[in-house]
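Side chains included, hydrogens not; waters and symmetry mates left out as well; all remaining heavy atoms used. Numbered from 1 within each chain, the chains take letters A, B, ... in sequence-line order. Since we're looking at a predicted model, the values are computed, not measured.
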Amino acid sequence: MGEPKKKLIVIAGPTAVGKTSFAIKLAQALNTEIISADSRQFYKEISIGTAKPTPEELALIPHHLISSLSINEYYNVSKFENEVLALLKKLFLKYDTVVMVGGSGLYIDAVCQGIDELPDADEKLRLELNNSFNEKGLEFLLMELKKLDPDYFEVVDKSNPKRVLRALEVIKETGRTYTELRKNLKKKRSFEIQKFCLNRDREELFERISIRVDQMLAEGLLDEVKQQIPNRNLNSLNTVGYKEIFKYLDGELSLEQAITDLKTNTRRYAKRQLTWFKRDDSYTWVHPNEIAKVIESI
RNA sequence: GGUACCAUAGCUCAGUUGGUAGAGCAAUGGACUGAAAAUCCAUGUGUCCCUGGUUCAAAUCCAGGUGGUACCA
């Protein structure tokens with residue numbers, strides 16, 4: 001009869017479905033804290049456009065990994081995995097369950113099952129590869145990949161430059177093939193994991209997206225984006241809500257068109273999130289108003 | 001009330017001399033290992049406003065209706 005096992009509760013779901021308030025209610029019921037798994041809410045300079053919990057909400061329950069980084073800091077899934085595991089170790093001393101909430105599927109998976117040992121991006125090498133892509137094109141990079149790692153060449157998405165570039169990056173950095181390093185081993189965690197995915201009718205979700213974008217604008221999204229003009233080339237600002245407003249500020253789009261695009265791109269983002277969660281059958285799908293059901297099953 | 005123009009996909013619109021329809025956008029499905037709110041792939045949606053007529057054959061021509069827009073009264 002050992003200690004009861006510690007448990008991580010994952011709350012996933014598409015953007016604007018209602019994850020934030022759901023997670024807060026859940027954490028209150030379980031008397032625990034929240035870890036955010038949202039690849040944009042890490043950044044302290046961007047709050048309105050990333051739909052962070054409000055200061056009032058943050059005061060209700062301790063949140064981790066919100067506004068924990070600056071937009072010019074380099075960050076990635078692997079760092080997230082390590083950071084969350086360390087955090088959980090601490091939190092599990094105090095709590096039997098911890099809630100992790102967010103919409104970044106890859107990041108959630110890294111915590112739940114780990115991610116292979118691959119090198120981080122090397123800034124210089126990445127720049128070189130990007131230049132080579134711009135000058136010589138994807139065909140050239142594909143030929144190179146075929147030579148260096150014929151097995152990955154067979155399976156890689158040949159029209160997706162990022163996939164090809166990343167493979168070459170790993171190969172050049174390690175001197176080993178990407179195939180060899182990409183083992184896709186599922187790590188067993190020392191804690192239990194229970195995963196829920198929130199969803200609602202598509203029509204209703206889209207309506208909520210539209211309302212939320214209007215709210216962001218009312219709360220001062222334009223100003224928030226304006227402040228970040230000097231940083232616009234950072235990856236952290238390659239983000240729905242910022243890209244479209246930059247175009248408006250450039251005079252490339254009318255405000256009306258920028259808002260329309262913002263809503264469209266948010267809908268597409270929500271769709272991509274759903275595709276990610278759908279193929280993972282370890283999720284229990286629930287409606288955001290079914291919190292009682294979720295608490296009971298925990 | 002009169003005249004003119006218009007009515008085709010969710011939206012904006014193409015559609016040649018009559019041969020059962022196609023673009024853009026929106027949408028939908030999918031992929032995904034250190035850029036992931038990123039990046040990439042795939043897919044077509046129809047009472048051609050209605051009723052009748054001409055014709056082997058009508059989105060297309062003719063008549064009438066209905067609705068819209070503009071101008072005139």
Please tell me if A:K243 has a side-chain N or O lying less than 4.0 Å from either OP1 or OP2 of B:A38.
yes
Please give the nucleotide sitting opposite B:A14 as a Watson-Crick or G-U wobble pair, both distances under 3.5 Å, or none.
none
Just so I know, are the side chains of A:T260 and A:Q257 near enough to count as touching, which here means a heavy-atom distance under 4.5 Å?
yes
For the rings on A:F80 and A:F42, is their centre-to-centre separation under 6.0 Å?
yes
For A:L165 and B:U33, give me the distance from atom CG to atom P, rounded to whole Å.
13 Å
Below 4.0 Å: OP1/OP2 of B:A36 and any side-chain N or O of A:Y107
yes
For B:A26, which nucleotide in any strand shown is its Watson-Crick or wobble partner with both distances under 3.5 Å?
none
What residues 115-147 of chain A contributes to the RNA chain B interface at heavy-atom separation below 4.0 Å is A:I115, A:D116, A:E117, A:L118, A:P119, A:D120, A:A121, A:R126, A:N130
Strictly by Watson-Crick or wobble contacts shorter than 3.5 Å, is anything paired with B:A31, and which nucleotide is it?
B:U39
Is there a side-chain contact between A:R268 and the phosphate of B:A27, meaning an N or O under 4.0 Å from OP1 or OP2?
yes
Relative to A:Y283, does A:K278 satisfy both conditions: NZ or CZ under 6.0 angstrom from the six-membered ring centre, and within 45 degrees of the ring's axis?
no
Rounded off to whole Å, could you give me the CD1-to-P distance for the A:I71 and B:A38 pair?
17 Å
Any A:K162 side-chain N or O less than 4.0 Å from OP1/OP2 of B:A36:
no
d(CG, A:L106; P, B:C40) in whole Å:
17 Å
Tell me whether the side-chain N/O atoms of A:N238 come closer than 4.0 Å to OP1 or OP2 in B:A36.
no
What is the distance from CG of A:L168 to P of B:U33, rounded to the nearest Å?
14 Å
Just N and O in the side chain of A:K271: are any of them under 4.0 Å from OP1 or OP2 of B:A27?
no
I'd like the C1' distance from B:G46 over to B:A7, given in whole Å.
15 Å
Under 4.0 Å between any heavy atoms, over every strand shown, what does A:G241 touch: base, sugar-phosphate, or nothing? Just pick one.
nothing
What's the OH-P distance between A:Y43 and B:A35, to the nearest Å?
10 Å
Identity of whatever pairs with B:C5 - Watson-Crick or G-U, under 3.5 angstrom
B:G68
Strictly by Watson-Crick or wobble contacts shorter than 3.5 Å, is anything paired with B:C48, and which nucleotide is it?
none
N or O in side chain of A:R166 less than 4.0 angstrom from B:G34 OP1/OP2:
yes
Given B:G30, is OP1 or OP2 found less than 4.0 Å from the side-chain N or O atoms of A:T275?
yes
Below 4.0 Å: OP1/OP2 of B:U33 and any side-chain N or O of A:K187
no
Categorize A:T264 for me: base, sugar-phosphate, or nothing, with a 4.0 angstrom heavy-atom threshold over every strand shown.
sugar-phosphate
What residue among A:D38, A:L87, A:I34 forms side chain to side chain contact (heavy atoms under 4.5 Å, CB included) with A:L65?
A:L87
I want to check one thing: is the phosphate of B:A38, taken as OP1 and OP2, less than 4.0 Å away from some side-chain N or O of A:R163?
no
Does one side chain, of A:E45 or A:S70, offer a donor that lies under 3.5 Å from an acceptor on the other?
yes
For B:C56 and B:G18, measure between their P atoms and round to the nearest Å.
15 Å
Pairing partner of B:G19, by Watson-Crick or G-U wobble and under 3.5 Å for both distances, is B:C56
What nucleic acid atoms does A:Y152 come within less than 4.0 Å of, heavy atoms only: base, sugar-phosphate, or nothing?
nothing
Min side-chain heavy-atom separation A:K243-A:R232 under 4.5 Å
no
For the side chain of A:Y74, counting heavy atoms from C-beta on, which of B:C40, B:U33, B:A35 is nearest?
B:A35
B:G29 OP1/OP2 closer than 4.0 Å to side-chain N/O of A:R272
no
Report the glycosidic orientation of B:G34: syn if within 90° of 0, anti in every other case.
syn
B:A35 phosphate, OP1 or OP2: any side-chain N/O from A:Y75 under 4.0 angstrom?
no
Taking OP1 and OP2 of B:G34, is either one under 4.0 Å from a side-chain nitrogen or oxygen of A:Y178?
yes
Considering only heavy side-chain atoms of A:R267, the closest of B:A35, B:G29, B:A26 is B:A26
Gap between atoms CH2 and P, on A:W276 and B:U39 respectively (whole Å)
15 Å
Please classify the nucleic acid contact of A:D38 as base, sugar-phosphate, or nothing, using heavy-atom distances under 4.0 Å.
base
Over all strands shown, is A:T239 touching base, sugar-phosphate only, or nothing at heavy-atom distances under 4.0 angstrom?
base
